[in-house]
Structures are given as structure tokens and as C-alpha cells.
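In what follows, a structure is listed as C-alpha cells, so that the remarks can point back to it.
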Protein chains: 2
Amino acid sequence: MDKERLKGNLDLLLLAVLEDGPAHGYAVITGLRERSEGGFDLPEGTIYPALHRLEQAGLLASDWTTNGGRRRRTYTLTPAGHRALAAERAGWQRFARGIFAVTGVAVTGAPA
Amino acid sequence: MDKERLKGNLDLLLLAVLEDGPAHGYAVITGLRERSEGGFDLPEGTIYPALHRLEQAGLLASDWTTNGGRRRRTYTLTPAGHRALAAERAGWQRFARGIFAVTGVAVTGAPA
DNA sequence: TGTCCATGCCTAGTGAAACTAGGCATCGTG
DNA sequence: CACGATGCCTAGTTTCACTAGGCATGGACA
């Protein structure tokens, strides 16, 4: 998957994953990988700073839990996060429609 | 239109515009603006360096013409440019399908 | 006649976003 | 007991598009 294209869309992806329920960073990474069937296999250096940024922005709330001896930081969407997700989805759709208008490439779920 | 999302998609847009026939830089800018109904209103500082880069990469060929007293540099898609455009379209579709898989946002031409 | 806007080209430096590459710790398995 | 998977973190780099400036011509309008 093209890395450059990800720019500007990372928040959308993270918020969408967390929409299905709270998760910790590592689970977000694996969840993203699974949902996209390997398409989005993002490094930790991308995910963790982004989660911190989203929390800083008030879109996520986090709390520490311990599973066995491993500490996890679990993130949950805040109400502002839900609103931001909706805005991100709309923004993505606007952009993708622009691309369609210029290139003629439409996108649905099914492969060609 | 979100500026960050453009990253990685600029070549696709430029090549797609030039697919309809040769054009000079300024015409690419206005063509892009019209096709997207104002969505992609990109500054010259974005377009010109990108066209130079694409020519350097062998995807475009250019020649100077003069219209009245105004000099224009007209760009044409090379065969490699056509192939690159096809690859860009495929890359975009792959990416957009990944986004769909994660977020559920499908994109067709028609607005909601 | 002079000024201003659209046309038309260009580039050095900035800024924003994700990534690289490293560090640290625990747990299970061979 | 070593190594991979789990799990967290951050400083610095890279990679893109953009900002902000420069330059020139032609037409319209005062």
C-alpha cells in the first residue's frame, strides 16, 4: 500500500478502528492490518504518536490496565472523537469524489 | 478540499488531466479546478515543480510554443506516462478499497 | 496613458505528516 | 535460556506539497 497516500487519512483509520470498541495501541495495529487484509501494516512509530495526538486533541481517552505483567494503554472514543470520525468520513468522501471527477476511478468494496 | 490527503495523489491527477491531450501548466491548473468543480485548486508552486519532476522521470515530454507574446510549455504524456497513469489509478483504487475495508466509506460519482 | 488583473513561467525555503531506528520490559515456547 | 510476540515510547529523518517571492506579456478600464 502506498505510504504517501496515507498522509491525512491516518486519523480516519484510527478513529474508525476504535469505533468498534476500546482497544490498546498494539491491538489497533493488528486490527488495522486484519481489516485491510495486510494493506495497512503500520509501524508503531506511526501509531503511537498519532494516538497521543488524538488524545491530546480530546478525541480519545486512555487508561492503563495490566494484563498478566504487561501494561496496556487502552483508548476509547470520546463524543468529540465520534464527531471527528464523522467529519473525517465526510472529508474522505469529498476527496475521493474529487479524484473520481478527475480520473474516473470509482471505488466500491468489490474488487474488479 | 483537504490538503494533506493530496499527498501521493498529485501525479495521478496531473497524468489524468494530460490524458485528455497535451496542455501547458496553467491549463492543467484550470482544468483540474474545473473538473473537480473547485475542489482541487492547486497553486502554481505545486504544479510546476511536479510537472518538471514527471518530465524528468520520463512520463511527460514538453516543448515550448508561443501564443502571441506569451511563451507556453506544453506537456504531453509519453508511453511511459500512460503506463504510469494506469499504475497510479490501480494504486489509488487499492488504497481506496483499503479505506473502505476499514471505514465502510464507499465512493461513487453521485453525491449522497 | 497608466494601472491592474489574468495569463504564464519559475524556484528557494518552509511546514506538516508519517516513518526509521532505536530503546525498554514481559511472557511463552522451543 | 534465547528468541519471538506482545506492548510501550521518542528523537530525528524523509518526503511531500505549499508559501512567498520573482519575472514577463496582453487586454481592459479609467
Side-chain angles (χ1 to χ4, degrees), chain A residues 1-15 17 22-34 36 39-57 60 62-75 88 91-92 95 98-99, chain B residues 1-15 17 22-34 36 39-57 60 62-75 88 91-92 95 98-99:
Chain A
M1 192 73 68
D2 188 335
K3 269 137 205 212
E4 283 310 320
R5 278 191 236 264
L6 191 64
K7 295 197 175 174
N9 294 306
L10 182 57
D11 293 4
L12 167 61
L13 291 174
L14 298 184
L15 295 172
V17 167
H24 60 288
Y26 202 83
V28 169
I29 292 175
T30 56
L32 212 41
R33 187 168 47 223
E34 282 160 18
S36 64
F40 298 127
D41 192 5
L42 307 184
E44 303 178 352
T46 294
I47 302 297
Y48 290 120
L51 290 172
H52 298 163
R53 184 171 41 77
L54 292 173
E55 181 175 25
Q56 207 66 30
L60 301 179
S62 77
D63 62 317
W64 287 94
T65 59
T66 303
N67 180 307
R70 295 204 195 88
R71 44 203 259 293
R72 289 176 170 178
R73 187 159 166 184
T74 299
Y75 293 91
E88 286 284 346
W92 161 258
F95 179 79
I99 295 283
Chain B
M1 192 74 67
D2 188 334
K3 269 138 207 216
E4 284 308 321
R5 279 191 236 262
L6 190 65
K7 295 201 173 171
N9 297 119
L10 182 57
D11 294 3
L12 168 62
L13 292 174
L14 298 185
L15 294 173
V17 167
H24 60 285
Y26 202 83
V28 170
I29 293 175
T30 56
L32 212 43
R33 187 168 49 223
E34 282 160 18
S36 65
F40 298 128
D41 191 6
L42 306 184
E44 303 179 353
T46 294
I47 302 297
Y48 290 120
L51 290 173
H52 299 164
R53 182 170 44 75
L54 292 173
E55 182 175 23
Q56 207 65 31
L60 300 179
S62 77
D63 63 316
W64 287 95
T65 58
T66 303
N67 182 307
R70 296 202 193 89
R71 44 202 257 295
R72 289 175 170 179
R73 188 160 165 182
T74 299
Y75 293 91
E88 285 284 346
W92 161 258
F95 180 79
I99 296 282

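Residue numbers start from 1 in every chain, and the chains themselves are labelled A, B, ... in the order their sequence lines are given, proteins ahead of strands. Atoms considered below: every heavy atom in the structure, side chains included; atoms not considered: hydrogens, waters and symmetry mates.
- Taking every side-chain heavy atom of W64(A) into account, dC9(D) is the closest of dT20(C), dT11(C), dC9(D).
- F40(A) meets the ring-ring contact (aromatic ring centres under 6.0 Å, His included) test with F95(B); sequence neighbours excluded.
- Rounded to whole angstrom, the span from the CD1 atom of I47(B) across to the P atom of dC18(D) amounts to 8 Å.
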5' to 3', nucleotides 21-30 of chain C under a 4.0 Å protein heavy-atom cut-off (B base, S sugar-phosphate only, - none) gives B----BB---
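- Not counting sequence neighbours, R72(B) has no partner by the side chain to side chain donor-acceptor pair (under 3.5 Å) test.
- In this structure, the salt bridge (charged side-chain N to carboxylate O under 4.0 Å, His left out) partners of R53(A), at least two apart in sequence or on a different chain, are D11(A).
- One interatomic measurement links the two molecules: CD of E34(A) to C1' of dT6(D), which rounds to 14 Å at whole-angstrom precision.
- For the OP1/OP2 pair of dA18(C) and a distance below 4.0 Å, the side-chain nitrogens and oxygens of R53(A) include at least one atom meeting the criterion.
- With rounding to the nearest 0.5 angstrom, the CG atom of L10(A) is 8.0 Å from the CG atom of L51(A).
- Proximity of H52(A) to the phosphate of dT10(D): a side-chain N or O atom is located under 4.0 Å from OP1 or OP2.
- Rounded to whole Å, the distance from CD on E55(B) to P on dT11(C) is 12 Å.
- Checked against side chain to side chain contact (heavy atoms under 4.5 Å, CB included), I29(B) has the following partners two or more places apart in sequence or in another chain: R33(B), E44(B), I47(B).
- The two atoms that bring E55(B) and R73(B) nearest to each other are OE1-NH2, 2.7 Å, heavy atoms only.
- Here the straight-line distance linking atom CD of E34(A) with atom CG of D41(A) works out to 10.5 Å at 0.5 Å rounding.
- Across residues 5-15 of chain B, K7(B) each have a non-hydrogen atom less than 4.0 Å from an atom of DNA chain C (numbered order).
- Between the C1' atom of dC9(C) and the CD1 atom of I29(B) lies a distance of 10 Å, rounded to the nearest Å.
- At whole-Å resolution of the value, CZ in R72(A) and P in dT6(D) are 10 Å apart.
- Of all heavy-atom pairs spanning T74(A) and P22(A), the tightest one is CG2-CB, 3.8 Å.
- Toward the 5′ end of DNA chain C lies the nearest nucleotide of R73(B), the other residue of the pair R73(B) and E4(B) mapping further downstream.
- Phosphate contact (OP1/OP2 of dC10(C), side-chain N/O of Y48(B), threshold under 4.0 Å): absent.
- For H24(B) and dA6(C), the NE2 to C1' distance is 12 Å, given to the nearest whole Å.
- Distance R33(A) CZ to dT6(D) P: 8 Å, rounded to the nearest Å.
- Taking CG of L12(B) as the start and CH2 of W92(B) as the end, the distance is 8.0 Å to the nearest 0.5 Å.
- Following rounding to the nearest Å, R71(A) (CZ) and dA5(D) (C1') show an atom-to-atom distance of 17 Å.
- Here dA6(C) is the nucleotide among dT10(D), dC9(D), dA6(C) with the atom lying nearest to any side-chain atom of Y26(B).
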